[in-house]
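Here is the structure we will look at.
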Amino acid sequence: MTGTRRSVNVGELGFDGGAHILVNLAIHQCQRGQSIEVTGTHPDLLGGLATWCRQHGHRLRTATSPGANEATVLVTRGTGPMTSVADGNHALEHRNDDVVADCAKPEWGLAARGAAVEAGGPTPRFRLDHRDEIWTDRAEALYHQAAANQWDPDIAVDWSAPLSPDPLVEAAVVQVMTFLIENEQAALVVPTRFLGQVHPHFREIQQVLAVTIADEARHIDVFTRRAHLTGAPIGTSSVGGRLSLQTLLDEPDFATAAFLLSVMGEGTFLTLLTFLEHHAPDPLTRNIATLVRRDESRHVSFAMSHLSRHMHDDRNLASRLARSAEERHDQLRVTAGLNDEVFDALVLLAAGSTTPRNIAKGWVAVQHLLTDMNDSRRHRLARLGFPTADATRLAELHTRNFM
Ligand SMILES: [Fe+2]
Ligand SMILES: [Fe+2]
């Protein structure tokens with residue numbers, strides 16, 4: 001150093017052999033307008049440095065030759081062509097890692113948050129680029145929790161566990177699996193559609209959606225394997241069920257889709273999975289229900305947390321969400337809701353046999369299931385901030401298809 005001035009000795013290195021790396025590192029320790037001394041013995045040090053400075057917006061000020069083979073050159077830091085993702089306008093020294101912006105700029109594109117972004121280049125359009133539309137501070141923790149809790153169906157599930165010896169009860173389980181698969185398909189497709197619309201600046205939101213998609217793919221896998229376990233044909237898929245799911249696929253708004261799919265639908269499924277954990281006739285199906293429910297509770301938590309934040313900041317959102325539930329109800333009014341095969345299969349599954357006494361028991365269990373589903377929806381809506389009367393009304397409007 002000369003006084004407070006930094007210096008760098010590049011030795012024998014030329015600008016054709018890596019000298020620029022050492023000079024670049026040194027100059028980025030300075031503020032704009034400050035200088036560094038560059039010393040070296042390469043015969044073309046001065047020429048290489050002059051070209052490099054021109055290309056990078058720095059000023060080469062003076063050159064001295066303290067020794068026969070050595071040159072010392074003064075370089076003043078100029079305005080480089082870089083801007084920081086943190087504020088989009090300033091040079092490298094204003095880099096501010098991991099500050100989440102209110103609005104992510106198109107020119108930041110795929111750049112890592114906090115990176116210095118060279119000016120120019122593509123300006124991809126990510127529709128979900130406003131923090132308030134998608135953000136929750138819980139996203140990072142939920143992603144790490146999900147990544148740590150991924151399970152392998154070949155290890156976590158004992159596929160050789162005994163099934164119900166009653167073929168009619170087994171057929172009921174298969175019908176419920178068939179129903180679950182198409183609902184899981186909706187839960188896979190909806191976040192997949194939004195994932196590509198989230199600006200990469202909000203990487204935690206992308207990560208939660210990505211791991212959710214992986215969860216749903218695994219759910220489809222285990223329910224499909226369970227359905228095919230005996231080799232018997234799988235169950236039926238009703239028009240009403242598919243129409244109900246289609247309304248989720250057609251929803252273009254992120255908040256509304258999260259509300260209908262995750263708060264109302266997956267929230268209701270948590271109760272259904274708990275029912276299967278208690279009432280499925282075989283340990284394998286009970287085990288799958290437990291594993292899937294754990295994943296689903298994260299999906300519901302994510303939606304609850306970003307929607308709570310969003311509703312707090314946007315006073316119109318509650319009425320928009322309420323309207324979406326009402327419109328969906330009106331749209332599905334003409335459909336039969338839960339198909340008879342699924343309803344009867346749930347009763348038979350909980351009965352465990354076809355004796356009238358057990359069917360009566362299964363019937364009561366399914367009535368309790370419907371009540372529990374409604375109660376849990378009402379509580380969830382109240383937790384989001386809906387007044388009690390609205391929470392009660394909206395909970396009851398939810399599709400009879402459950403999802
Ligand atoms: Fe799922
Ligand atoms: Fe889910």
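Positions are given from 1, in the same order as the sequence printed here. Read the numbers this way: they start at 1 and go in the same order the structure lists the ligands and their atoms.
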Is the backbone N or O of D375 less than 3.5 Å from a side-chain atom of H379, with the two atoms forming a donor-acceptor pair by type? yes

On the 0 to 90° scale, with breaks at 30° and 60°, tag the F302-H306 ring pair as parallel, tilted or perpendicular. tilted

Whether F259 and F386 hold their rings parallel, tilted or perpendicular, with breakpoints at 30° and 60°: tilted

Hey, can you tell me if F194 and F254 have their rings parallel, tilted or perpendicular (30° and 60° cut-offs)? perpendicular

Should the ring pair H20 and F15 be called parallel, tilted or perpendicular, given that the plane angle runs from 0 to 90° and is split at 30 and 60? tilted

Side chain of R378, backbone of A389: donor and acceptor closer than 3.5 Å? no

If you draw a sphere of radius 2.8 Å around the Fe ion (ligand 2), how many protein N/O/S atoms end up strictly inside it? 4

